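The model shown is predicted, which means the values in this text are computed figures rather than measured ones. Residue numbering restarts at 1 for every chain, and letters A, B, ... go by the order of the sequence lines. Side-chain atoms are counted along with the backbone in the values below, which use heavy atoms only and exclude waters and symmetry mates.
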Number of protein chains: 2
Amino acid sequence: MIRIGIVDDKKNNRIILADKLRRNNLFDVRLDAANGEQFLQKMMELKFDERPEIVLMDLEMPIMDGIVTIATGSSLYPGVRYVVLTTFDDDDRIFNAIKAGACGYLLKEESGEIIADILVNLWTNGAGPISPSIAYKILQMIQNPPPVKLPLAGKKSENLFQLSEREKEILRFLCQGLEYKEIALKLSISANTVKKHVINIYDKLHVNSKGHALHIAYTKNLL
Amino acid sequence: MIRIGIVDDKKNNRIILADKLRRNNLFDVRLDAANGEQFLQKMMELKFDERPEIVLMDLEMPIMDGIVTIATGSSLYPGVRYVVLTTFDDDDRIFNAIKAGACGYLLKEESGEIIADILVNLWTNGAGPISPSIAYKILQMIQNPPPVKLPLAGKKSENLFQLSEREKEILRFLCQGLEYKEIALKLSISANTVKKHVINIYDKLHVNSKGHALHIAYTKNLL
DNA sequence: TCATCAATAATCCATTTGGATAGTTTTTTT
DNA sequence: AAAAAAACTATCCAAATGGATTATTGATGA
């Protein structure tokens, strides 16, 4: 049984999709959330071996949209694979979703069988599921990179996590392996303040330790 | 009938592939070349409406390899679609071939039916044919752009710090932001042991905190 | 002007980490 | 088979970190 999570703001969509998947008994749909925040919340509550292995994620959601959710989720739970399921193949979103860490991109219109097929393939081979028309778009984007839009290489990505300047500054020091005291000294502020900033950073990154924060900082190019 | 061209230096491959395609009578294999130069030569000799619409191209060829051939061919004959057919999925080549203008990338191992299927799809929908495992690699390349290959990268960053396999394993988990307990759980060992390993790692890296260690791990590419 | 927000600072308390030390078991090498 | 190297487990203690809460200041904006 492959453990599946479904995140979509429309309850009906979740039900239909879960039904589609449950029809063959390879899937165990065990997480169901209406938005990103709810999803992260529920993930936190699950033990390691109860978490879904594959998460199907809608992009358009209130409160916390799919891209941000994937970005944080894929850093928090690197073992989980995120597959974007959407109704329209919108160029910008594709690219952003991929950058955020989605490992596949499917159109909702695909039949239940195709989706099931593709998820099984993802699970067994690790091969990323991509609808053909999406794959083609990706190729085109590589061949003709959109004007400036998205810096492919190590450029700093736009402020995905809404960190303030000060917070970014402190995150950079943190990434160099400095501890609170040392950062405080460098910035001529109190170590308590540094700590407060760090906690605020964790909140924005949805993490709760230095390790996780650095992981996100390094993998999402926040420096 | 879809007009097909095949470019491969091994005559046998050409024959087998042509046979596979001719089996269903949708394809008209009408151009056959052993290398890039021969291919371009033959293309010149053909009239516009005799030219292949899709060209299956091997990458490893003498005289003029697949990448260069696609690059020049796709400028000379923009209407022609180039599909790379190769036996191994070599990361560098994928990217270069795509940039050169290939619109698809298939593994030779795929069965004749799948190849046929996919080519028909390419012809009718314009959707790019991509083997799932290739698609996945492309995603990964977008997600983690190859870290500017500098002298250090090529040199064995492997044993720079003489970490044992186990230590590298643990360092990787550490870099994902896991704490001792979690790592212990994943490896089915005691948290004390994890800690011991971590201390040993710090010794070898000449650091004394997680922050420093992760900094080195990320910047020196120890993962 | 009033409200909000970022940055600053501090305290209490629980948890995690780092260091030192001392063992046992497994694996590899000689 | 003996010796050496990794891997494993443990305990004590001190330091660093994370979380919650409260409060002051200055800048920005409605």
- Query: Is any side-chain heavy atom of Ile70(B) less than 4.5 Å from a side-chain heavy atom of Val84(B)?
  - Reply: yes
- Message: Of the listed nucleotides (dG18(C), dG18(D), dA7(D)), which one gets closest to any side-chain atom of Val198(A)?
- Response: dG18(D)
- Nearest-Å distance for atom pair CG/C1', residues Leu163(B) and dA6(D): 13 Å
- Message: Check this for me: does any side-chain nitrogen of one of Arg172(B) and Glu169(B) sit under 4.0 Å from a carboxylate oxygen of the other?
- Response: no
- Query: Between the side chain of Gln38(A) and the main-chain N/O of Ala34(A), is any donor-acceptor distance below 3.5 Å?
  - Reply: yes
- Query: OP1 or OP2 of dT15(C) less than 4.0 angstrom from a side-chain nitrogen or oxygen of Tyr180(B), does that happen here?
  - Reply: no
- Task: Let me know, please, whether Val194(B) or Ser209(A) comes out on the 5' side of the other along DNA chain D by nearest nucleotide.
- Result: Val194(B)
- Taking only N and O in the side chain of Tyr202(A), is any of them less than 4.0 Å away from OP1 or OP2 of dG18(D)? yes
- Atom pair distance, as rounded to whole Å: NE2 in His197(B) and P in dT9(D): 8 Å
- NZ of Lys204(B) versus C1' of dG19(C): gap in Å, rounded? 18 Å
- Query: Would you say Thr193(B) reaches dT9(D)'s phosphate, i.e. side-chain N/O to OP1/OP2 under 4.0 Å?
  - Reply: yes
- Per-nucleotide protein contact along nucleotides 23-30 of chain C, 5' to 3', at a 4.0 Å heavy-atom cut-off (B base, S sugar-phosphate only, - neither), is --------
- Message: Against Arg14(A), only a single residue in Asp19(A), Asp8(A), Asp32(A) fulfils salt bridge (Lys or Arg N to Asp or Glu O under 4.0 Å); can you say which?
- Response: Asp32(A)
- For Asn208(A), answer base if it contacts any base atom (sugar-phosphate contacts may also be present), sugar-phosphate if it contacts only those atoms, and nothing otherwise; contact means non-hydrogen atoms under 4.0 Å. sugar-phosphate
- Item | Side-chain N,O (Asn192(B)) to OP1/OP2 (dA10(D)) below 4.0 Å | yes
- Distance from Leu31(A) atom CG to Leu56(A) atom CG, nearest 0.5 Å? 11.0 Å
- Leu187(A) CG to dA9(C) C1': how many Å, rounded? 15 Å
- Find the distance Ile201(B):CD1 to dG18(C):P and express it as a whole number of Å. 11 Å
- Judged by atom type as modelled, is there a donor-acceptor pair below 3.5 Å linking the side chain of Lys181(A) to the main-chain atoms of Ala191(A)? no
- Task: For Ile170(A) and dT8(C), give me the distance from atom CD1 to atom C1', rounded to whole Å.
- Result: 10 Å
- Would you mind classifying the nucleic acid contact of Lys210(A) as base, sugar-phosphate or nothing, using non-hydrogen atoms under 4.0 angstrom? sugar-phosphate
- Looking across every strand, which nucleic acid part, if any, lies under 4.0 Å from Ile189(A) by heavy atom: base, sugar-phosphate, or nothing? sugar-phosphate
- Take the protein atom CG of Asn200(A) and the nucleotide atom C1' of dA6(C), then report the distance between them rounded to whole Å. 9 Å
- Can a side chain N or O of Ser164(A) be found less than 4.0 Å away from OP1 or OP2 on dA7(C)? yes
- Task: Return the orientation label for the Phe39(A) and Tyr82(A) ring planes: parallel under 30°, perpendicular over 60°, tilted otherwise.
- Result: perpendicular
- Under 3.5 Å: donor-acceptor pair, side chain of Gln176(B), backbone of Phe173(B): no
- Message: Less than 4.0 angstrom between a side-chain N/O of Ser190(A) and OP1 or OP2 of dA10(C), yes or no?
- Response: yes
- Expressed in angstrom and rounded to an integer, what is the separation of Leu214(B) atom CG from dA16(D) atom P? 18 Å
